[in-house]
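These notes are about the structure you will find just below.
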Amino acid sequence: MARFSFTHSSVIDKAQNEQRRAPRLQSNLRVLVEQRGERFEGVTSDVSLVGARLRLGRSIASDHALTLSIYLPAEEMALYEQQAPLKISGRVAWSERRSGEDCVCGVEFFDLNEQQRAGLARCFEHFGKKPLFSQ
């Protein structure tokens, strides 16, 4: 055990034959979903600069537009509770629900502006990761 050490890298490497456009940050972020006049809460399983995987307590309409309000991590609880969540528009790319389990779905983000991209990038930075694949 004397020679054992941990390695830490801020870079998320692109796996061989990786099809994703951006790395995924494995993180559980609170999210408020608005779709077709309904509002409900969930959490992310992972998030990237182009989309997110959500876990929801109910089914969601696939291939429909939605608005996400993502609560980004903060250094202090007071800052977290007082923040204005990051609002992002997207569409449900896929959805699945197994009997007795949460609904899991993939959301593709629409037309992110610089403020939205910067907010997502800050989330990666909070966890010590890079929001883009290394070249």
Side-chain angles (χ1 to χ4, degrees):
M1 291 298 286
R3 290 188 231 163
F4 183 79
S5 66
F6 288 99
T7 58
H8 174 74
S9 174
S10 62
V11 176
I12 301 172
D13 291 322
K14 191 172 193 175
Q16 185 177 7
N17 300 318
E18 179 73 58
Q19 298 296 313
R20 293 190 173 122
R21 295 174 283 165
R24 300 253 172 199
L25 176 67
Q26 305 296 316
S27 181
N28 296 317
L29 304 175
R30 179 179 168 220
V31 63
L32 178 65
V33 179
E34 297 176 59
Q35 184 186 52
R36 301 169 69 183
E38 296 184 74
R39 295 173 58 145
F40 45 96
E41 290 195 50
V43 294
T44 64
S45 294
D46 61 47
V47 65
S48 76
L49 295 181
V50 297
R53 183 182 339 195
L54 306 180
R55 285 193 331 263
L56 307 169
R58 53 164 289 183
S59 296
I60 190 167
S62 292
D63 212 29
H64 282 82
L66 51 73
T67 300
L68 300 178
S69 297
I70 302 173
Y71 292 82
L72 301 177
E75 294 298 323
E76 298 175 22
M77 184 57 83
L79 295 173
Y80 177 80
E81 291 173 343
Q82 295 170 5
Q83 73 175 290
L86 182 64
K87 288 200 176 260
I88 296 178
S89 295
R91 73 167 186 90
V92 178
W94 59 269
S95 170
E96 66 179 38
R97 184 173 190 154
R98 296 186 186 113
S99 178
E101 294 185 15
D102 289 342
C103 176
V104 178
C105 65
V107 174
E108 180 182 15
F109 300 150
F110 289 151
D111 305 321
L112 294 180
N113 62 35
E114 280 305 310
Q115 179 184 5
Q116 292 166 320
R117 288 180 63 78
L120 291 170
R122 280 193 311 277
C123 186
F124 275 77
E125 291 165 11
H126 178 84
F127 292 104
K129 298 294 182 182
K130 304 270 186 203
L132 300 172
F133 286 123
S134 58
Q135 298 298 336

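Treat the numbers as computed from the prediction; the structure is a model and nothing was measured. Residue indices begin at 1 and follow the sequence shown.
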TODO: Ignoring hydrogens and angles, tell me if any N or O in the side chain of Glu108 forms a donor-acceptor pair with the backbone of Gly90 under 3.5 Å.
DONE: no

- [ ] Check the pair Lys129 / Gln26 against side-chain contact (heavy atoms from CB on, under 4.5 Å), numbers first and verdict last.
- [x] CA-CA 10 Å; Lys129 298 294 182 182; Gln26 305 296 316; over 6 Å; no

Open item on the list: If the test is side chain to side chain contact (heavy atoms under 4.5 Å, CB included), which one of Gln82, Gln83, Glu76 qualifies with Tyr80?
Closed with: Gln83

- [ ] Check the surroundings of atom CD in Glu75: do more than 12 heavy atoms from other residues, nucleotides or ligands lie under 6.0 Å from it?
- [x] no

- [ ] Examine distances only and state if a side-chain atom of Arg97 and a backbone atom of Glu101 form a donor-acceptor pair shorter than 3.5 Å.
- [x] yes

Task: Contact summary for Pro131 and Ala121, nearest pair of heavy atoms - done: CG-CB, 4.1 Å

Open item on the list: Grouping I, L, V, M, F, W and Y whenever their side-chain heavy atoms are under 4.5 Å apart, do Val107 and Leu56 come out in a common cluster?
Closed with: yes

Open item on the list: Restricting to non-hydrogen atoms, name the atom on Thr67 and the atom on Ser89 that form the minimum distance, rounded to 0.1 Å.
Closed with: OG1-OG, 4.2 Å

Task: Atom of Leu120, atom of Phe109 and distance for their closest heavy-atom approach - done: CD1-CE1, 3.8 Å

Task: Thr44 and Leu68: CA distance, side-chain angles, deciding distance, side-chain contact (heavy atoms from CB on, under 4.5 Å) verdict - done: CA-CA 11 Å; Thr44 64; Leu68 300 178; over 6 Å; no

- [ ] Starting from the C-alpha separation in whole Å, work towards a yes-or-no answer on side-chain contact (heavy atoms from CB on, under 4.5 Å) for His64 and Val92.
- [x] CA-CA 6 Å; His64 282 82; Val92 178; 5.7 Å; no

- [ ] Keeping the roles fixed (side chain from Gln35, backbone from Ala61), state whether a donor-acceptor pair exists under 3.5 Å.
- [x] yes

TODO: Show your working on side-chain contact (heavy atoms from CB on, under 4.5 Å) between Ser95 and Cys103 and close with a plain yes or no.
DONE: CA-CA 7 Å; Ser95 170; Cys103 176; 3.4 Å; yes

Task: Test item: His126 side-chain N/O and Phe124 main-chain N/O as donor-acceptor pair under 3.5 Å - done: no

- [ ] Check whether more than 12 heavy atoms from other residues, nucleotides or ligands sit under 6.0 Å from atom CG of Asn113, and answer yes or no.
- [x] yes

Open item on the list: Using 0.5 Å steps for rounding, measure from the CG atom of Leu54 to the OG atom of Ser45.
Closed with: 7.5 Å

